[in-house]
K.L.:
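The structure is given below, and queries will be raised subsequently.
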Amino acid sequence: ASFNPDLMLQTATVISDEARAKHHEAARENSFKRYQGLTFWSPNINIFRDPRWGRGQETYGEDPYLTGQMGMAFVKGLQGDDPKYLKLVATAKHYAVHSGPEPLRHTFNAVTSKRDMYETYFPAFRDLVQKAKAYSVMGAYNRVDSESASASQMLLEDVLRGQWGFDGYVVSDCGAITDIYQHHKIVDDAEQAA
């Protein structure tokens with residue numbers, strides 16, 4: 001709501017400072033548990049169009065430009081500005097056409113026009129990948145034009161890697177691989193989904 005990328009950069013810098021301190025303390029104690037590492041599944045840059053989606057409050061709203069500006073500042077604050085080393089890894093999520101009704105997120109098939117994809121849903125992801133150099137992207141639970149967002153040739157290969165030149169890594173959302181076979185019924189079993 002602030003439309004203040006400078007404040008967002010400062011906020012994310014504090015988050016990454018604290019993350020580094022927490023990680024180094026855990027490493028000194030030889031503890032490598034969940035939430036002690038340097039990969040953050042943030043920011044959530046989905047376009048918030050459906051108020052039934054339970055995570056809309058994490059987003060920057062429904063404006064693609066605002067979302068890109070705030071998201072880039074957040075990524076830069078998390079990953080730092082060292083030319084060789086990342087302070088931590090930021091993960092742009094949930095790629096790409098996500099934010100539908102919460103109860104349907106594991107079965108929903110988002111169908112949208114190519115124009116809406118490129119003018120609404122893709123710009124913030126493109127900005128975070130190309131300009132802010134986000135090192136990770138998380139696929140969504142839902143399908144996009146009948147393909148799993150976490151295993152989509154069009155989203156992951158054609159657009160993300162092909163058109164945008166992304167060379168980081170892609171991670172699925174927590175249960176997205178299971179969704180490919182159990183809920184979307186795209187393949188028959190876990191092995192094929194993986």
Side-chain angles (χ1 to χ4, degrees), residues 1-5 7-9 11-12 40-78 90-132 134 136-164 166 168 170-180 182-186:
S2 70
F3 207 138
N4 188 340
L7 180 60
M8 185 56 64
L9 176 67
T11 301
F40 275 45
W41 285 1
S42 191
N44 181 342
I45 57 166
N46 293 120
I47 300 302
F48 187 43
R49 282 186 160 173
D50 190 327
R52 296 173 296 175
W53 184 43
R55 298 185 66 181
Q57 75 282 357
E58 295 175 28
T59 74
Y60 303 112
E62 56 186 315
D63 181 81
Y65 179 75
L66 170 65
T67 298
Q69 295 300 301
M70 298 296 276
M72 286 190 297
F74 196 83
V75 166
K76 289 176 183 178
L78 288 185
T91 304
K93 66 180 188 179
H94 308 84
Y95 184 62
V97 185
H98 188 61
S99 79
E102 188 71 13
L104 303 178
R105 68 184 178 156
H106 295 282
T107 58
F108 187 70
N109 182 27
V111 179
T112 186
S113 70
K114 193 170 187 176
R115 179 178 180 169
D116 205 20
M117 290 272 251
Y118 280 88
E119 290 183 359
T120 306
Y121 294 104
F122 284 170
F125 285 99
R126 185 191 62 236
D127 287 347
L128 269 62
V129 166
Q130 291 184 330
K131 296 176 184 174
S136 176
V137 171
M138 177 186 287
Y141 285 126
N142 57 281
R143 283 173 288 146
V144 176
D145 292 336
S146 298
E147 287 187 311
S148 165
S150 289
S152 167
Q153 172 71 35
M154 184 271 293
L155 290 176
L156 303 177
E157 294 299 324
D158 300 345
V159 176
L160 185 63
R161 296 200 186 279
Q163 293 175 23
W164 300 344
F166 179 68
V170 175
V171 62
S172 67
D173 207 340
C174 298
I177 302 304
T178 300
D179 286 344
I180 293 171
Q182 273 189 356
H183 301 111
H184 297 310
K185 311 256 187 244
I186 296 171

K.L.:
For Asp127 and Met72, indicate whether the former's side chain and the latter's backbone hold a donor-acceptor pair under 3.5 Å.
P.N.:
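Not at all, since once roles are kept as given, no pair shorter than 3.5 Å links the two residues.
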K.L.:
How many angstroms lie between atom CG of Leu128 and atom CD of Gln69, to the nearest 0.5 angstrom?
P.N.:
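Output value for this atom pair is 10.0 Å.
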K.L.:
Kindly indicate whether the side chain of Arg55, heavy atoms from C-beta on, has any atom under 4.5 Å from the side chain of His98.
P.N.:
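No - every pair of side-chain heavy atoms lies 4.5 Å or more apart.
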K.L.:
Kindly compute the distance separating NZ (Lys93) from CD (Glu58), expressed to the nearest 0.5 Å.
P.N.:
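Between Lys93 NZ and Glu58 CD, I get 5.5 Å after rounding to 0.5 Å.
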K.L.:
Any donor-acceptor pair under 3.5 Å linking the side chain of Asn44 with the backbone of Asn46?
P.N.:
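Confirmed, Asn44 side chain pairs with Asn46 backbone.
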K.L.:
Stepwise, does the side chain to side chain donor-acceptor pair (under 3.5 Å) test hold for Asp179 with His184?
P.N.:
CA-CA 6 Å; Asp179 286 344; His184 297 310; 4.7 Å; no
K.L.:
What I want to find out is whether Arg105 reaches Asp173 closely enough, with some N-O distance under 4.0 Å, to be called a salt bridge.
P.N.:
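Looking at Asp173 together with Arg105, the answer is no, because their closest N to O distance does not fall below 4.0 Å.
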K.L.:
Give a yes or no answer on whether the side chain of Arg161 reaches the backbone of Gly168 with a donor-acceptor pair at less than 3.5 Å.
P.N.:
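At least one qualifying donor-acceptor pair exists.
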K.L.:
So does Glu147 have more than 12 non-hydrogen atoms from other groups sitting under 6.0 Å from CD?
P.N.:
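Yes.
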K.L.:
Could you report the tightest heavy-atom contact between Ala124 and Pro64, atom names first, then the distance?
P.N.:
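The answer is CB-O, 4.3 Å.
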K.L.:
Taking the side chain as C-beta and beyond, is there a heavy-atom pair between Met70 and Pro5 under 4.5 Å?
P.N.:
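Yes; the side chains approach each other to less than 4.5 Å.
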K.L.:
Which distance, rounded to the nearest 0.5 Å, do you find between the CD1 of Ile47 and the CZ of Arg49?
P.N.:
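Separation between the atoms: 7.5 Å.
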K.L.:
Side chains of Gln163 and Phe122, heavy atoms from C-beta outward: is any pair under 4.5 Å?
P.N.:
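The answer is no; the side chains never approach within 4.5 Å.
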K.L.:
Would you give the length of the straight line joining atom CG of Asp145 to atom CG of Asn109, rounded to the nearest 0.5 angstrom?
P.N.:
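Reported value, rounded in 0.5 Å steps: 7.0 Å.
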K.L.:
Taking Arg143 for its side chain and Ala149 for its backbone only, find out whether a donor-acceptor pair lies under 3.5 Å.
P.N.:
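Here the side-chain-to-backbone pair does not exist.
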K.L.:
Look only at the side chain of Ser150 and the backbone of Ala140, and say whether a donor-acceptor pair between them is shorter than 3.5 Å.
P.N.:
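Checking the backbone N and O of Ala140 against the side chain of Ser150, a donor-acceptor pair under 3.5 Å is found.
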K.L.:
Locate the shortest heavy-atom distance separating Pro43 from Val75; write the atom from each residue and the value.
P.N.:
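Between these two residues, the closest heavy atoms are CD-CG2, 3.8 Å.
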K.L.:
Does OH in Tyr65 sit with more than 12 non-hydrogen atoms of other residues, nucleotides or ligands closer than 6.0 Å?
P.N.:
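Result for OH/Tyr65: open.
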K.L.:
Indicate yes or no: at least one non-hydrogen side-chain atom of Tyr60 is less than 4.5 angstrom from one of Ile45.
P.N.:
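Contact flag for Tyr60/Ile45 side chains = yes.
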K.L.:
Would Ser152 and Val144 count as a side chain to side chain contact (heavy atoms under 4.5 Å, CB included) here? Give the steps.
P.N.:
CA-CA 8 Å; Ser152 167; Val144 176; 5.8 Å; no
K.L.:
Output the distance between atom CG (Leu7) and atom OG (Ser2), rounded to the nearest 0.5 Å.
P.N.:
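OG of Ser2 is found 5.5 Å from CG of Leu7.
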K.L.:
Tell me yes or no: between the side chains of Gln153 and Asp158, is some donor less than 3.5 Å from an acceptor?
P.N.:
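Checked: Gln153/Asp158 side chains pair up, N/O donor to acceptor below 3.5 Å.
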K.L.:
In terms of the angle between their ring planes, are His94 and Trp53 parallel, tilted or perpendicular, with boundaries placed at 30° and 60°?
P.N.:
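Because their plane-to-plane angle is over 60°, the rings of His94 and Trp53 count as perpendicular.
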K.L.:
Check whether any side-chain heavy atom of Thr59 lies under 4.5 Å from a side-chain heavy atom of Thr67, and answer yes or no.
P.N.:
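SC-SC contact between Thr59 and Thr67 ruled out.
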K.L.:
Looking at every heavy atom in both Phe74 and Met8, which two are closest together, and how far apart are they?
P.N.:
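Nearest heavy atoms, Phe74 then Met8: CD1-SD, 3.3 Å.
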K.L.:
Taking all atoms of both residues into account, what is the closest heavy-atom pair of Ser136 and Val171, and its distance?
P.N.:
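Of all heavy-atom pairs spanning Ser136 and Val171, the closest is OG-CG1, 4.0 Å.
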K.L.:
How long is the straight-line distance from OH of Tyr141 back to OG of Ser172, given to the nearest 0.5 Å?
P.N.:
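Going from OG on Ser172 over to OH on Tyr141, the span is 8.5 Å.
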K.L.:
Is the backbone of Leu9 close enough, under 3.5 Å, to the side chain of Lys76 for a donor and an acceptor to pair up by distance?
P.N.:
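Between the backbone of Leu9 and the side chain of Lys76 there is no qualifying donor-acceptor contact (under 3.5 Å).
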K.L.:
Where do Val97 and Ala110 come nearest, in terms of heavy atoms and distance?
P.N.:
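In this case the closest contact between Val97 and Ala110 is CG1-CB, 3.6 Å.
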K.L.:
Using atom types as modelled and distance alone, determine if a side-chain donor or acceptor of Tyr95 lies under 3.5 Å from a backbone N or O of Leu155.
P.N.:
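Side chain of Tyr95 to backbone of Leu155: a pair is present.
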K.L.:
What is the ring orientation for His106 with His183, classed by angle as parallel under 30°, tilted 30 to 60°, or perpendicular over 60°?
P.N.:
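Tilted.
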K.L.:
So does Phe40 get a backbone contact from the side chain of Thr91, meaning a donor-acceptor N/O pair under 3.5 Å?
P.N.:
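Pair found, side chain donor or acceptor close to backbone of Phe40.
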